[in-house]
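Any value given below was found using the heavy atoms of this structure, including those in side chains, with hydrogens, waters and symmetry copies removed. Everything quoted here is computed from the prediction, not taken from an experiment.
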Amino acid sequence: PQQATRSRDVPEFSVDLSSAPSVFPGQANEIRMVLCNEGGDLCGRDTVLRWYAPGTAVHPPPRLCAIVAGASRVRGADGVDLRFSSRDARALAEAIEAAAGRHFGPQNVHVTTLTDLAGDEPASAANLEAAFEALTSSSPDDVLVVYLAGYSVDVGPEHGHLAWIPSGMNATSPAIPEGVVTAAQIARWSQAVPAGSRLIVLDTCATGPSVTRLDEAVPAGGETSRAAHLLHDQGGFVTAVSRASDQASFEASGGPLGWW
């Protein structure tokens with residue numbers, strides 16, 4: 001049979017990994033290549049290569065680094081602030097410190113807590129970004145956990161679809177996406193954090209401009225699933241969410257903490 005000929009040249013490109021923050025020196029590294037569209041929300045299958053980085057292998061004790069944020073002072077579509085987001089965040093931060101301290105050692109656990117409760121730094125976009133910047137000295141052996149509680153909105157593909165609303169904002173503000181924390185921002189901030197294992201938990205409900213009626217039909221696909229793909233492909237995160245994609249959820253009480 002005739003040998004097939006390529007109709008187009010195969011593109012070639014090079015990537016300098018010498019300054020990549022999450023490279024393990026002196027040992028094998030898995031390099032994952034993903035082909036995406038310009039918007040970053042449609043990606044093909046990945047290809048994994050093994051690359052031995054130059055240098056001497058160093059294995060410091062692994063640390064667990066957590067950024068835990070809960071915004072309660074956010075006015076929703078019903079005109080009522082959330083009641084439990086800040087308390088949920090603080091309770092989780094305390095649980096992480098207790099559990100991770102036994103596994104990693106208390107000296108190797110770093111938790112940043114951002115809430116609307118007294119004694120904590122405010123759950124603002126600036127403080128969240130600063131928390132990521134503070135972890136740029138972590139190592140590839142470290143574990144990064146990010147937890148966001150509160151309201152979320154769909155801000156479109158150019159911003160990574162999903163956004164978390166910081167404290168003090170109105171979830172139905174026409175100024176959105178200005179001031180919110182988008183999935184694209186989180187992916188970008190996390191790229192400077194060397195931690196090799198990453199988990200993000202979105203303990204949020206859907207509201208704001210993307211939902212006008214509780215019985216409104218929502219297109220299939222879902223901003224949550226698209227945001228999860230972006231956080232995985234561009235930020236390296238495994239994503240856990242508290243609601244099904246494109247389904248509204250509601251804060252309920254029944255104890256000292258909230259549940260969706």
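- With rounding to the nearest 0.5 angstrom, the OG1 atom of Thr113 is 8.0 Å from the CD1 atom of Ile96.
- In plain terms, the two heavy atoms of Asn108 and Pro62 that are nearest each other are CB-O, 3.6 Å.
- Using a 4.5 Å cut-off between side-chain heavy atoms of Ile, Leu, Val, Met, Phe, Trp and Tyr, with links allowed through other members, Leu199 and Val68 fall into the same hydrophobic cluster.
- Considering every non-hydrogen atom in both Gly168 and Val74, the closest pair reads N-CG2, 4.4 Å.
- Counting only residues at least two apart or on different chains, no ring pair (Phe, Tyr, Trp, His ring centres under 6.0 Å) pair has a member in residues 96-116.
- Of all non-hydrogen atoms in Glu97 and Val109, the two that sit nearest each other are CA-CG1, 4.3 Å.
- Counting only heavy atoms from C-beta outward, the side chains of Ser139 and Pro60 approach each other to under 4.5 Å.
- Applying the salt bridge (charged side-chain N to carboxylate O under 4.0 Å, His left out) test to residues at least two apart or on different chains, none of the pairs has a partner in residues 17-27.
- Linking Ile, Leu, Val, Met, Phe, Trp and Tyr residues whenever their side-chain heavy atoms come within less than 4.5 Å places Leu64 and Val201 in a single cluster.
- Ala192 pairs by the side-chain contact (heavy atoms from CB on, under 4.5 Å) definition with Thr136, not counting sequence neighbours.
- With sequence neighbours left out, Asp142 forms a salt bridge (charged side-chain N to carboxylate O under 4.0 Å, His left out) with Arg63.
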Between Thr47 and Arg32, is a side chain to side chain contact (heavy atoms under 4.5 Å, CB included) present by the stated rule, with each step listed? CA-CA 6 Å; Thr47 300; Arg32 191 170 61 93; over 6 Å; no

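- Evaluation of the side-chain hydrogen bond (donor to acceptor under 3.5 Å, both in side chains) rule for Ser167 yields Arg73, Asp116 as partners, not counting sequence neighbours.
- Residues passing the side-chain contact (heavy atoms from CB on, under 4.5 Å) test with Pro25, sequence neighbours excluded: none.
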Taking it one step at a time, do Tyr147 and Ile67 satisfy side chain to side chain contact (heavy atoms under 4.5 Å, CB included)? CA-CA 6 Å; Tyr147 171 86; Ile67 301 173; over 6 Å; no

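- Residue Ser190 holds its OG atom at 7.5 Å from CG of Leu144, rounded to the nearest 0.5 Å.
- Ser86 and Gly70 get closest at one heavy-atom pair: OG-O, 3.0 Å.
- For the atom pair Arg83 CZ and Ser72 OG, the distance stands at 10.5 Å (nearest 0.5 Å).
- Trp164 places a side-chain N or O within donor-acceptor distance of the main-chain N or O of Ala149, the cut-off being under 3.5 Å.
- Trp189 and Val181 make their closest contact through CZ3-CG1, 3.8 Å (heavy atoms, listed as atom of the first residue, atom of the second, distance).
- In this structure, the side-chain contact (heavy atoms from CB on, under 4.5 Å) partners of Glu30, at least two apart in sequence or on a different chain, are Val48, Arg50.
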For residues 124-132, please give each side-chain donor-acceptor pair under 3.5 Å, one per line with the distance, not counting sequence neighbours.
unit_1: Ser124; atom_1: OG; unit_2: Asn127; atom_2: N; d: 3.1
unit_1: Ser124; atom_1: OG; unit_2: Asn127; atom_2: ND2; d: 3.2
unit_1: Asn127; atom_1: ND2; unit_2: Pro122; atom_2: O; d: 2.9

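- In this structure Ser138 satisfies the side-chain hydrogen bond (donor to acceptor under 3.5 Å, both in side chains) test with no other residue, sequence neighbours excluded.
- Nearest heavy atom pair, residue Thr115 against residue Arg90, reads CG2-N, 4.2 Å.
- Hydrophobic clustering places Ile31 together with Val23 (ILVMFWY residues linked when any side-chain heavy atoms are closer than 4.5 Å, directly or through intermediates).
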